[in-house]
Amino acid sequence: MNYFGTRIVLQNRCASARPKVLRSFSNCQAFLAKPEPSRRRLGRPGNHLKIGIVGMPNIGKSTLFQMLTRTTLGKPANYPFATIDPVSAKVPVPDPRYELLCDKMNPAKRIPAQLSIYDTAGLVRNASKGQGLGNAFLSNIRTVDAIFQLVRAFPEPDVTHVEETVDPIRDLQIIQEELLLKDAEFVESFLKKESRSSKVPAKAKEVAKKVLQCVLDNGCPVSKCSWSDEEVGFLNSFNLLTAKPVVYLVNMDEDDFLQKKKGPLQKVESWVEKFSPGDSVLPLSIIFEEQLFLLTPQELEEECSTLQVSSQLPSIIQAGYSALSLMHYFTAGNNIVQAWTVPLDTKAPDAAGAIHTDFKKKFVAGEITDFKDFLQYGTLEACKAAGKTIVKGKDYVVQPGDIIYWRIAR
Ligand SMILES: Nc1ncnc2c1ncn2[C@@H]1O[C@H](COP(=O)(O)OP(=O)(O)OP(=O)(O)O)[C@@H](O)[C@H]1O
């Protein structure tokens, strides 16, 4: 069967014509989404979303994972495919509001917002056809909700590159192409299996064909194409790799990073602007982060002030959290100050349900204090006395940094 001629394209590509997808990258601009303000979000809804570190082998992924998660699993091996199974950990999301709230409330227990991070095996050219760790790698990416795409810009000759030379743009293209091809393969197989079944809605098949057009004919990530709310519903059931939000991380040479050299970073930024517009690009030097990791807090402060730089890790964690469209609100008592992660635009009953399903079922109202008012008045009691704590019902959309007491039916 031939959907938009794509089976022929796929066969050609498998034989020799990989540039088919690369050629089609030039069409991406024409296919990009026009922003629509109240669009349904691509991806799983939920509070427990994960972000995976993705990239070519031996470019610093495991070291970055260790730095982000403050773990030392031993010095990562300096050879490709040292990571086979994905490992995961939760890291606190830096938030000065949370620190301030804790300082003022001085609770017995503090629980910050957290982000789940996965380290995955390296991806190589032709992974979608089984090269390297191929399909195993790609299915690891399927389990995460967003991607930190790490790209190597450091020259270090002692660290082998599977493509033999250091070329960030080539690496970006390889990875994007592998993800596009895997998505094409997924929807082609869906169309092949499901096309004869009357149980599959016609709209699902239509969406699958549009995905093929987007990823194969236009070389565009699914996340960058234009979709209606109804289409997003079907796309979410496909769980496509290029539908996931991406944060690009450029791993630079230490000196280049310290001297704030723009060269490699600008190249990556221009590529992202063209082929994945709107996604964040952050520079870092993992080897520099490794050195900071070994310092005491006082040494760290001195070193950063001398060099006029700071660790990029907090910005990276925040960028991952935002890419997942997550936010948090606070509950604050003398015993515990806790940040609760919910998707952006969550209404009060669902936000209460993040604490316990019963809180959603028995939801009555929320007593909401804006963080700015807390800062101005100093305590929750003072906010209440000044009429700044407002009671809101089930239609209230929770705002980042709200301090909330939920009223629950007994
Ligand atoms: N900015 C940098 N400058 C120089 N060397 C670096 C830099 N970043 C990472 N490295 C080195 O690259 C090597 C590979 O790192 P790491 O094992 O973390 O890569 P990886 O991407 O996880 O590899 P794999 O996918 O094979 O598991 C390590 O020796 C690390 O110290």
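The chain is numbered in sequence order, starting from 1.
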*Classify the side-chain pair Asp402/Tyr396 by whether it contains a donor and acceptor separated by less than 3.5 Å.*
yes
*Around atom CD of Gln291, are there more than 12 heavy atoms of other residues, nucleotides or ligands at under 6.0 Å?*
yes
*What's the spacing between Thr242 OG1 and Leu180 CG if we round to 0.5 Å?*
5.5 Å
*Any chance you could lay out the salt bridge (charged side-chain N to carboxylate O under 4.0 Å, His left out) test for Glu178 and Arg125, step after step, and finish with the verdict?*
CA-CA 7 Å; Glu178 292 305 324; Arg125 197 189 281 280; over 6 Å; no
*Sole candidate of Leu64, Ile286, Ile287 that passes side chain to side chain contact (heavy atoms under 4.5 Å, CB included) when paired with Asn251*: Ile286
*Do you see a donor-acceptor pair shorter than 3.5 Å between the side chains of His328 and Tyr321?*
yes
*Determine whether the side chains of Gln66 and Glu290 contain a donor N or O and an acceptor N or O closer than 3.5 Å.*
no
*Over all heavy atoms of both residues, which pair between Phe234 and Ala204 is shortest? Give the atoms and the distance, please.*
CD2-CB, 3.7 Å
*Check whether any side-chain N or O of Lys224 sits under 3.5 Å from a backbone N or O of Pro277 as a donor-acceptor pair, and report yes or no.*
yes
_For Met56 versus Ile175, what's the shortest heavy-atom pair and its separation?_
N-CD1, 3.7 Å
*When you check the gap from the basic side-chain N to the acidic O, do Lys209 and Glu206 get nearer than 4.0 Å?*
no
*NZ/NE/NH1/NH2 to OD/OE distance under 4.0 Å, Asp350 and Lys360*: yes
*Check whether the SG atoms of Cys214 and Cys225 are less than 2.5 Å apart, and answer yes or no.*
yes
*Would you call the rings of Tyr329 and Trp406 parallel, tilted or perpendicular if under 30° counts as parallel and over 60° as perpendicular?*
perpendicular
_Nearest 0.5 Å, please: how far is CG in Leu295 from SG in Cys304?_
8.0 Å
*Would Glu273 and Ser270 count as having a side-chain donor-acceptor pair, cut-off 3.5 Å?*
no
*What class does the angle between the rings of Tyr248 and Trp271 fall in, given that below 30° is parallel, 30 to 60° is tilted and above 60° is perpendicular?*
perpendicular
_Over 12 foreign heavy atoms within 6.0 Å of NZ, Lys372_ = no
*Does the side chain of Tyr405 come under 3.5 Å of the side chain of Thr389 through a donor N or O and an acceptor N or O?*
no
*Does Phe154 have Arg152 sitting over its ring (NZ/CZ under 6.0 Å from centre, angle to axis within 45°)?*
yes
*Donor-acceptor pair, Asn218 side chain versus Cys220 backbone, under 3.5 Å?*
no
*asked:* Check whether Arg170 reaches the backbone of Thr165 with its side chain - one donor and one acceptor, N or O, closer than 3.5 Å.
replied: yes
